[in-house]
There are 4 protein chains.
Amino acid sequence: MTKKRSEPVQRKPRIDAQRNRERILEVAKAEFTRLGAEASLDEIAKRAGVGAGTLYRHFPARDDLIEAVYRSEVEKLAAAERRFAETMSPMEALRAWMLLFVDHIAAKQIIAPALNSVVGGASKLFEGSRGLVLGAIDGLVKRAIKSGEMRNDLEPFDLLRALIGVSHVASGPDWQRSARRLVDILIAGSRTNK
Amino acid sequence: MTKKRSEPVQRKPRIDAQRNRERILEVAKAEFTRLGAEASLDEIAKRAGVGAGTLYRHFPARDDLIEAVYRSEVEKLAAAERRFAETMSPMEALRAWMLLFVDHIAAKQIIAPALNSVVGGASKLFEGSRGLVLGAIDGLVKRAIKSGEMRNDLEPFDLLRALIGVSHVASGPDWQRSARRLVDILIAGSRTNK
Amino acid sequence: MTKKRSEPVQRKPRIDAQRNRERILEVAKAEFTRLGAEASLDEIAKRAGVGAGTLYRHFPARDDLIEAVYRSEVEKLAAAERRFAETMSPMEALRAWMLLFVDHIAAKQIIAPALNSVVGGASKLFEGSRGLVLGAIDGLVKRAIKSGEMRNDLEPFDLLRALIGVSHVASGPDWQRSARRLVDILIAGSRTNK
Amino acid sequence: MTKKRSEPVQRKPRIDAQRNRERILEVAKAEFTRLGAEASLDEIAKRAGVGAGTLYRHFPARDDLIEAVYRSEVEKLAAAERRFAETMSPMEALRAWMLLFVDHIAAKQIIAPALNSVVGGASKLFEGSRGLVLGAIDGLVKRAIKSGEMRNDLEPFDLLRALIGVSHVASGPDWQRSARRLVDILIAGSRTNK
DNA sequence: CATGAATGAGCCTTCATTCAT
DNA sequence: GATGAATGAAGGCTCATTCAT
């Protein structure tokens, strides 16, 4: 606006905005991972190399930023579900997805709380993307039940809760292997008693 | 000078110190439950009806307060373990304790993180009481393995991690029943494949 | 929102940053003078008509503010030394500068302690500007010695120390004249015994 | 008062009170020396092994404590003056006393400010003991003037101010020798121009 | 007389959010 | 659209002083 107001120049168009948005998201993910959902927005803006105002233009409220970070992760999970369902046996696919979930989501301190409220159904935010995760686990579980390998009294939700719980524990030197063992216990506990 | 507006007059004897300490602990537990470990200490003091300085006299650092709250909970769990082990069958005792754990510890947002670091072994605080929880779960699991009902490849730690995870999820209208189902899945997954 | 109640409206341009900075410095100098280096930063901010945060943006640590105040004073002294050296005889210049030092620096309670640590060489802050004062007194003394009017066993440092001491005493109804007499004693004590 | 109110027991009489008072004074001097006049009274009480209330009983206000510390020092100086005056020549006595002053008073951060206000005549406290120092320096200077060795236009006050100033500078590795040189300059500047 | 618990004002500091440029 | 300065509300913590026992 401070430009000579006659030329319709348009030098720095959307590209810049888009680039900023992405940089912010990237940094935000890292910061939320490091410090949890309370990470300083000022710090995020600074690390992303933008002014505080710019961050606020893109994400008017803290939750908007959290959700954006969260959604990008969730989309990866949903995609994986489709991939696994096509290429693996039902129980294998379930197990693989559960492991991916833990691996991927764990240590990302916002994600677990965010998912938490998804499961709880409490929060307004995340409304949009909750379907993605729920759909994924639901599909996997239903397929496994249909195949007869899994108890039919199992609530997909419960499994999701358990996974979220396990993800919370992501810390300590050995947590990766521990998580793996836990997934296996969950799987074992979910099988039909042949 | 602006006193808590409900009590008549109240002396201020030495017993008050103890009473204050307890009131602070009580309020702190509630606040930590509501808001997590970041709850405002000033607010806690206010709700407990004491000056900020009084809180600091009793608990010079935030961690001291957290630990005190945490320890009082943990002691209840350890006591329960002894009770259960005496009066129930191994698997029953384990299940009962797990349920108690979830019921009791859940929704208390400091506890889970605190236990987390116990499991992770990372934190200096809680050093003192970590043995209590670890001992409890360890005893229960070992007894169940010895009885032949439980897989002998099970790491007590893993179960604790799973419980902590489940506890994290404490929210939503149905979480109590969900937690119960999860515990049963964990138990089922832990049994020997007869 | 509660604005300083005297100014009409005032834009809030970028120039304001500079203006704020200066206002803060001004107030800080006055407050440090009144109360010493422990003056309340909150109070300084309030008197300068800015929010606490603004003060902290400009001077992240108390020492940054102290140093800024200190440096602006010291620069005036260094400038005066150059002026005096050009226009006066050696002993006159020295005396004039000493009087200026006392007049100028005195009653400014941060300055004296700050200079103190300059002389002591102890403090990290002020590192930058210590050269200025040291250089000034050094130049004046060396010139006076060279002229033969001053004892050649005189440590410029000592004179500086004495001046700082005298500056400390700045209070009481008669201190200005007293300081003047002291400077003269110091000068007299520094002359060669013809 | 909470004792059985019939026996006139009197087990812990003045001795204790006196001992406490002295211990407090001792500790206070050390603390004031370490931290200046802002030292924590709580800390002083603690180090003296008494309750905060006890300190307040003996010294109702901070200034009362400061003055008490101050006075005990000042009395030593006054005593020294009498001693020196009897055993030394006028100028020697003056010089010795000045050195003692610097040695003794220096590094005791309350003393200098306290004396400061004595000289300034501003403060109500210290009223009582100001005469002691003033008397000492006055006596020494007058005697030296009378002997013809000292300029008769010298204000004893001025010398005191200078000494206080020099005392302020007490820090840095070399301050003792520097202070000594300064005293000599002052003496030199005070002599009659033979 | 001594004790030490309690109080609460006051200071420092951080940070989300707004807004003029 | 971007920038970054300004704001002000919290919150943490300390400490002088009072007061019940």
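A, B, ... follow the sequence lines: proteins, then strands. Residue 1 opens every chain. These figures come from a predicted structure and were not determined experimentally. Both backbone and side-chain heavy atoms feed into the values below; hydrogens, waters and symmetry mates do not.
The interatomic distance linking B:L55 (CG) with F:dT14 (P) rounds to 12 Å, in whole Å. The interatomic distance linking B:E31 (CD) with F:dG12 (P) rounds to 11 Å, in whole Å. With rounding to whole Å, B:H58 atom NE2 is found 14 Å from E:dG4 atom P. In this structure, the CD1 atom of B:I44 is 12 Å from the C1' atom of F:dG12, given to the nearest Å. Rounded to a whole Å, the CZ atom of B:F59 is 11 Å from the P atom of E:dA6. In this structure, B:D16 atom CG and E:dA5 atom C1' are separated by 8 Å, rounded to whole Å. If you measure from atom CG of C:N20 to atom P of F:dA6, you get 4 Å, rounded to the nearest angstrom. For the pair B:Q18 CD and E:dA6 P, the computed distance is 10 Å after rounding to whole Å.
Checked by atom type and distance alone, the side chain of D:R47 never pairs as donor or acceptor with a backbone atom of D:V27 at under 3.5 Å. For C:R62 (side chain) and C:A37 (main-chain N/O), a donor-acceptor pair under 3.5 Å exists by modelled atom type. Here the side chain of A:T54 pairs no donor or acceptor atom with the backbone of A:V50 at under 3.5 angstrom.
Comparing E:dT7, E:dC1, E:dT3 against the side chain of D:R57 picks out E:dC1 as the nearest.
Base pairing in DNA chain E gives the following stems of 3 or more Watson-Crick or G-U pairs, range against range and under 3.5 Å: E:2-21 with F:2-21.
The distance from the NZ atom of B:K29 to the CD1 atom of B:I66 is 14.5 Å, given to the nearest 0.5 Å. Separation of atoms CD (C:E26) and CD1 (C:I44) is listed at 12.5 Å; rounding is to 0.5 Å. Taken to the nearest 0.5 Å, the CG atom of C:L41 stands 10.0 Å off from the CD1 atom of C:I24.
Across the P atoms, F:dT21 and E:dC1 are found 22 Å apart, a figure rounded to whole Å.
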Open item on the list: Counting primed atoms plus P, OP1 and OP2 as sugar-phosphate and everything else as base, spell out the protein contacts along nucleotides 10-17 of chain E at 4.0 Å heavy-atom distance: B, S or - for each nucleotide, 5' to 3'.
Closed with: -SBBBBBB
Task: salt bridge (Lys or Arg N to Asp or Glu O under 4.0 Å) evaluation trace for B:R34 with B:E31 - done: CA-CA 5 Å; B:R34 270 203 322 138; B:E31 285 298 280; 3.0 Å; yes
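The minimum heavy-atom distance between D:G51 and D:A45, with the atom names listed, is O-CB, 4.0 Å. In terms of heavy atoms, D:L25 sits closest to D:A68 at CD2-CB, 3.6 Å.
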